[in-house]
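Sequence positions, counted from 1, serve as the residue numbers for this chain.
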Amino acid sequence: MEIYVVDAKTKKILGATDASWVGNTAHFNHKGYRFVKRKHGDYIVAVCMLESMNAQTNIVAILIVGIYLTLASCLLVLMLSRVLKEKYEKEKYIYTSNTDELTKCLNRRAYDVDMEKLDLSSEWAYISLDLNGLKQANDSLGHSAGDELICGVANCMKFAFASYGKIYRIGGDEFVVLIQESVSNIDSILQAFDTTIHDWHGKYSNSISVSYGVVKSSEQDFDSIHSVSKLAD
């Protein structure tokens with residue numbers, strides 16, 4: 001009796017009690033042999049037995065196969081759960097390390113990484129945005145009011161810009177928006193943002209005041225990304 005673990009798509013033998021079979025293509029139709037198979041996700045577990053085995057031996061073999069397949073199923077489920085958990089933890093780490101906790105915008109770390117990837121020869125728009133009056137709100141109304149303003153302007157930016165690019169919070173009251181889609185429609189995109197800001201009302205404050213500068217990568221022959229951000233600022 002031989003036991004095999006086979007790739008369900010390629011039919012390649014990945015593991016076997018007889019290691020010499022590893023790497024070969026599995027064929028479950030050899031004359032004089034009986035195969036018991038069970039599929040587990042991307043894998044097939046198969047047991048090969050001689051048809052000439054007597055009834056008592058067959059019963060014992062089938063019991064062994066049943067036990068093995070049950071154990072194999074449990075192991076595969078355990079392995080899959082570990083892989084999924086590791087994948088989730090990795091994705092969670094990437095998300096939290098690149099996301100501003102308060103606004104859920106991208107943070108300074110993500111901004112620095114993305115700025116290094118920008119190509120000056122491609123078409124994009126850089127928006128440098130400051131939230132006005134944050135210190136006054138914190139001092140006179142408390143930090144809850146300040147947080148409300150920060151989240152409020154972040155939500156307005158998400159509503160207006162998220163379909164066209166990325167939004168970063170790079171400081172306490174400083175944000176950057178990188179527009180990479182529909183750059184030719186930047187005026188109408190900004191108009192939608194202005195309207196959203198104008199219509200905003202909060203629990204502690206009735207309005208938001210922002211200042212922003214916009215620079216397109218094609219406006220002039222820039223020598224660096226820093227030159228673009230400096231001009232927008």
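Here the closest heavy-atom approach between residue Leu141 and residue Ser205 is recorded as CD1-OG, 4.1 Å. When all heavy atoms of Thr196 and Cys156 are compared, the pair lying nearest together is CG2-SG, 3.6 Å. Closest of all the heavy-atom pairs between Ala192 and Ala160 is C-CB, 4.4 Å. Contact detail for Ile186 and Ala125: the closest heavy-atom pair is CD1-CB, 4.2 Å.
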_Applying side chain to side chain contact (heavy atoms under 4.5 Å, CB included) to Gln220 and Leu231, what does each step give before you reach the verdict?_
CA-CA 11 Å; Gln220 55 182 271; Leu231 181 60; 3.8 Å; yes
*In sequence, state the C-alpha distance, the side-chain angles, and the governing distance for Thr25 and Lys12, and then conclude on side chain to side chain contact (heavy atoms under 4.5 Å, CB included).*
CA-CA 5 Å; Thr25 301; Lys12 293 292 184 181; 3.3 Å; yes
*Does the pair Ile13 and Asp7 meet the rule for a side chain to side chain contact (heavy atoms under 4.5 Å, CB included), with working shown?*
CA-CA 6 Å; Ile13 297 174; Asp7 187 299; over 6 Å; no
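For CD of Gln191, the number of neighbouring non-hydrogen atoms (other residues, nucleotides, ligands) closer than 6.0 Å is 12 at most. With a 6.0 Å radius and a threshold of 12 heavy atoms from other residues, nucleotides or ligands, Asp119 has its CG atom above the threshold. More than 12 heavy-atom neighbours from other residues, nucleotides or ligands sit within 6.0 angstrom of CH2 on Trp200.
Checked against salt bridge (Lys or Arg N to Asp or Glu O under 4.0 Å), Asp114 has the following partners two or more places apart in sequence or in another chain: Lys166. With sequence neighbours excluded, the residues forming a ring pair (Phe, Tyr, Trp, His ring centres under 6.0 Å) with Tyr212 are Phe193, listed by chain and number. Listed by chain and residue number, nothing satisfies the salt bridge (Lys or Arg N to Asp or Glu O under 4.0 Å) test with Lys11 (two or more places apart in sequence, or in another chain).
Sequence neighbours left out, the pairs with a member in residues 139-149 that pass salt bridge (charged side-chain N to carboxylate O under 4.0 Å, His left out) are Lys135-Asp139.
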Donor-acceptor pairs are to be reported for all side-chain atoms of residues 171-184 against protein atoms at under 3.5 Å, with residues two or more places apart or in another chain.
none

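Summarising the hydrophobic clusters (Ile, Leu, Val, Met, Phe, Trp, Tyr; side-chain heavy atoms under 4.5 Å, direct or chained), the residues clustered with Phe159 are none.
Linking ILVMFWY side-chain heavy atoms closer than 4.5 Å, directly or via other members, places Trp124 and Ile170 in a single hydrophobic cluster. Using a 4.5 Å cut-off between side-chain heavy atoms of Ile, Leu, Val, Met, Phe, Trp and Tyr, with links allowed through other members, Leu120 and Leu118 fall into the same hydrophobic cluster.
Using a 3.5 Å distance cut-off with no hydrogens or angles, the side chains of Asn132 and Ser211 do pair a donor with an acceptor.
Ile127 pairs in a side-chain contact (heavy atoms from CB on, under 4.5 Å) with only one of the listed residues (Val215, Val214, Ile167), which is Val214.
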